[in-house]
Amino acid sequence: MRTLHTAFLVLFILPCLGTGYSGSQSRFTSIVSFGDSYADTGNLVRWADPVLPPLPFSNLPYGQTFFGHPTGRISDGRLVLDFIADALGLPFVPPYLGNEKNFTAGVNFAVAGAPALNLTYLQGQNLTLSPPIKHSLDDQLVWFQKLKPSLCSGQGANCFGSTLFVMGEFGGNDYLSFLLSNRTVEQTGAYVPIIVDSISRGVEILIQRGAKYIVVADIFPVGCLPGVLAVLASADKADYDRHGCLAGVERLLSRYHNSLLRRRIKALRSKYPHTTIISAEYYRPFIAFLHEPAHFGLNSSTTLFTCCGAGGPPYNFNSSLACGQLGVMPCARPSEALQWDGFHLTDAANRLIADGWLHGPYADPPILHVAR
């Protein structure tokens with residue numbers, strides 16, 4: 001069971017990007033990122049032992065596609081954040097807990113497994129948390145506040161006038177914590193407004209601390225991840241939608257979360273008209289990949305199949321044989337795969353999502369339109 005909880009912990013953990021700007025042409029000179037495993041560029045792997053169990057993503061084949069070695073990113077290569085930085089002519093955003101202490105061009109506070117709600121609240125709900133470490137959105141905002149004097153040294157009141165903030169995604173780990181603690185999907189859904197409110201407060205805190213440009217990401221379709229499908233498998237075909245995803249999880253968690261988040265973003269835009277809030281989507285591109293994979297260069301027969309996993313059909317997911325463990329091999333063509341390890345996406349899928357954030361249609365307004 002510990003292996004299973006570790007696997008869930010790290011969840012949350014074609015088009016060309018050559019039309020990006022050089023650093024001198026973009027208005028952005030730095031990126032400050034918050035989030036979970038979809039944005040973590042190496043914070044969790046640097047968390048002090050013996051708090052954490054062995055982390056399989058510290059091993060190959062993680063990182064094999066682009067870096068050639070593990071970097072702490074939970075993918076075979078780059079994350080959406082990496083593609084954004086590259087398109088803006090900026091270096092990859094260094095992890096806050098890493099060896100790099102020059103954060104002139106940005107800093108990444110995202111930690112794999114990070115929830116939107118804080119540890120005290122989640123423990124108060126009698127949830128099973130593994131491990132119980134302080135890396136939530138609140139904790140990341142505390143780290144940011146501690147580092148802010150250094151980031152703003154000698155820059156005056158408009159310190160973050162050329163900084164792109166990236167918030168999220170957040171929420172996926174919260175929902176999985178409830179589901180893993182034997183809460184039903186319906187019971188878990190009752191926490192969606194609380195989780196979205198936490199994200200909204202986080203965005204507002206950043207605005208109040210000087211952020212002028214903020215990307216706020218929604219959550220991916222939780223019920224379409226092989227690890228979730230395997231653990232919450234149902235014998236009733238009516239529990240699945242046309243893509244093979246768990247319909248109840250999608251309706252009561254993923255889509256409900258994203259609908260509320262859009263409303264909060266609309267309210268924040270009205271309250272802070274001089275701040276540009278970019279609404280970015282993981283959900284819609286993911287569904288598009290499932291609906292028409294060949295259009296995106298993805299293998300249509302493996303959209304719900306783990307590239308780096310074990311167990312074979314239907315999902316190739318086994319919580320006791322996780323990617324990065326001895327004997328678990330990746331698929332032959334990760335460049336044609338959507339799902340990397342059962343909870344996270346491949347370099348290829350991340351590139352496609354980033355393209356939609358940079359150019360549209362999966363960001364409103366598109367990041368490169370704002371960067372001009």
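Treat the numbers as computed from the prediction; the structure is a model and nothing was measured.
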Could you tell me which residues satisfy side-chain hydrogen bond (donor to acceptor under 3.5 Å, both in side chains) with R269, sequence neighbours excluded, listed by chain and number?
none
Close side-chain approach of [X] and [Y], heavy atoms under 4.5 Å:
{"X": "D139", "Y": "I133", "answer": "no"}
{"X": "L137", "Y": "S198", "answer": "yes"}
{"X": "F286", "Y": "C245", "answer": "no"}

So, is the end of the R73 side chain (NZ or CZ) under 6.0 Å from the ring centre of F92 and within 45° of the ring's axis?
yes
Say whether, by atom type as modelled, one donor and one acceptor occur between the side chain of [X] and the main chain of [Y] under 3.5 angstrom.
{"X": "Q125", "Y": "L122", "answer": "no"}
{"X": "N258", "Y": "Y283", "answer": "no"}
{"X": "K148", "Y": "R209", "answer": "yes"}
{"X": "K237", "Y": "S234", "answer": "no"}

Can you confirm whether or not the ring centre of F317 sits under 6.0 Å from the ring centre of F343?
yes
Using the ring of each side chain (for Trp, its six-membered ring), is Y121 parallel, tilted or perpendicular to Y191, with breaks at 30° and 60°?
perpendicular
Please round to the nearest 0.5 Å and tell me the distance separating atom CG of D40 and atom NE2 of H344.
9.0 Å
Tell me, please, which residues at least two apart from S58 pass side-chain contact (heavy atoms from CB on, under 4.5 Å).
V45, L55
SG to SG, are C159 and C152 under 2.5 angstrom apart?
yes
